[in-house]
Protein chains: 2
Amino acid sequence: MSSNEVARPARRAAKWSEPTDREAEVAARVGELHDIDFPAMAMVSNVYRVANAVRARVEREVLGVDSLSWTGFTALFVLWVWGPQETRHLAEECGVTKGTLTGVLTTLEKRGWVVRRPHADDGRLVVVSMTAAGRRVIRRVFPLFNRQESAVADALTGRERQELTRLLRKVLAHVEGEGSSAEAEA
Amino acid sequence: MSSNEVARPARRAAKWSEPTDREAEVAARVGELHDIDFPAMAMVSNVYRVANAVRARVEREVLGVDSLSWTGFTALFVLWVWGPQETRHLAEECGVTKGTLTGVLTTLEKRGWVVRRPHADDGRLVVVSMTAAGRRVIRRVFPLFNRQESAVADALTGRERQELTRLLRKVLAHVEGEGSSAEAEA
DNA sequence: CCAAGTTCGTTCGGTTCCAAACAGTAACGG
DNA sequence: CCGTTACTGTTTGGAACCGAACGAACTTGG
């Protein structure tokens, strides 16, 4: 390595239960600090690395074909499964703010995939519904999306999949506030 | 439920190894389609639900204090651990395109946290380095970030954490192209 | 009934995303 | 040496993100 070349993160892992080389290097370099919880760091960082990798791939290979954003897709999916939604609830389900969803829905409405109507009983509310065109899109796109999910799950055995799902459900419930002490302090 | 109220996704799970009520409802509603891989869907959807929840929380409680974006934080972290980086590599590590990183680095440079300099041997390249001010920020912010990671990991026992990490590493390697058949077709 | 407080969806300014285009630099091969 | 190909980081246009602000509608309590 010459004086002008820069260090690059390594990628290899000898065994899945052991830290990857990159994980080990991070630990070594961050070791100057105290009170770092390395197992937690490894666990959480791998969650969002997997999520990022899956999302990037799905966006590129499935959603991009219809110029569908992740959030747009999620919105269509929620409307498909649970029917018309109030904006605030739909925003919550998509994991974005109301302001963001407004923009996304404007795009989907322009494409004729959703419509927004005032709520019958409460003048503040807007109810979002999917159109027949929107239904056709999600019915076509979702199976393709799911096929990507299958390809991802192929990394593991059936038992491992179930175990991963079980652990993630536990973590999710915890993060969403059912037992989190950090949230109690807020 | 009156005619104007809309269906909302349920949240409860009886046991972590069993589908949550929301998962069961999705399966019921999507059942009209064929060839849906429900276990894979459960597994993958829980990965990005956890990732989203963690990210939203960390952004709100840690990164937002310094008006640091997720990508900005990741860039500082990579520079801190691995030293100066070429833009293309840094973009790769942050999981964004070079174009996006340009904008993020412009913001970080404005704050005096990074500097961009031409590479000594290759006029096309830019080398990104962290300043002393940037170092101070990441040394302060990272432990706070890690504390959130610990809080997340508290949902599981030590063995469960290790198992979750092991499974995620396997999935990640698979998704990143080491064995993926969907990638071979591209 | 009415003032004060709360909630709603939209707008706004700034930033982060993408893909595509671009100008500059480097590598390659005749 | 030079034309062609490949790679770089930045710019561009459009869309997705955030938090804050806003005006309209609703709720609450005296």
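The figures here come from the full heavy-atom set of this structure, side chains too, leaving out hydrogens, waters and symmetry mates.
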Are side-chain N/O atoms of A:Trp82 and B:Glu25 paired as donor and acceptor at under 3.5 Å? yes
Does B:Arg124 have a side-chain nitrogen or oxygen under 4.0 Å from the phosphate oxygens OP1 or OP2 of D:dA6? no
Distance in angstrom units between B:Asp66 CG and C:dT15 C1', rounded: 16 Å
In whole angstrom, give the distance that lies between atom CG of B:Leu108 and atom C1' of C:dG14. 15 Å
Using 30° and 60° as the class boundaries, would you call the ring planes of A:Tyr48 and B:Trp70 parallel, tilted or perpendicular? perpendicular
Can you name the closest pair of heavy atoms from A:Glu93 and A:Thr74 and give their distance? O-CG2, 4.2 Å
What contact category does B:Thr87 fall into here, base, sugar-phosphate, or nothing, at under 4.0 angstrom with non-hydrogen atoms? sugar-phosphate
When rounded to whole Å, the CD to C1' distance for the pair A:Glu92 and C:dC8 reads 14 Å
Heavy-atom pair of closest approach, residues A:Val114 and A:Leu79: CG1-CD1, 3.9 Å
Would you mind reading off the distance between A:Glu109 atom CD and C:dG9 atom P, rounded to a whole angstrom? 14 Å
Taking CZ from B:Arg116 and C1' from D:dG9, how many angstroms apart are they, rounded to a whole number? 9 Å
Take atom CG of A:Leu125 and atom C1' of C:dT10, then tell me their distance rounded to the nearest Å. 14 Å
Once each nucleotide of nucleotides 13-21 of chain D is scored for protein heavy atoms under 4.0 Å, what B/S/- sequence comes out, 5' to 3'? ---SBBS--
Donor on one side chain, acceptor on other, B:Arg116 and B:Thr106, under 3.5 Å: yes
Donor-acceptor contact below 3.5 Å, side chain B:Ser150 vs main chain A:Asp37: no
From CG of A:Asp121 across to P of C:dC8 the rounded distance in Å is 15 Å
When the distance from CG of A:Leu63 to P of C:dC18 is rounded to whole Å, what number comes out? 14 Å
OP1, OP2 of D:dT8 versus side-chain N and O of B:Arg88: anything below 4.0 Å? yes
Crowding at CZ, A:Arg117 (>12 non-hydrogen neighbours, <6.0 Å): no
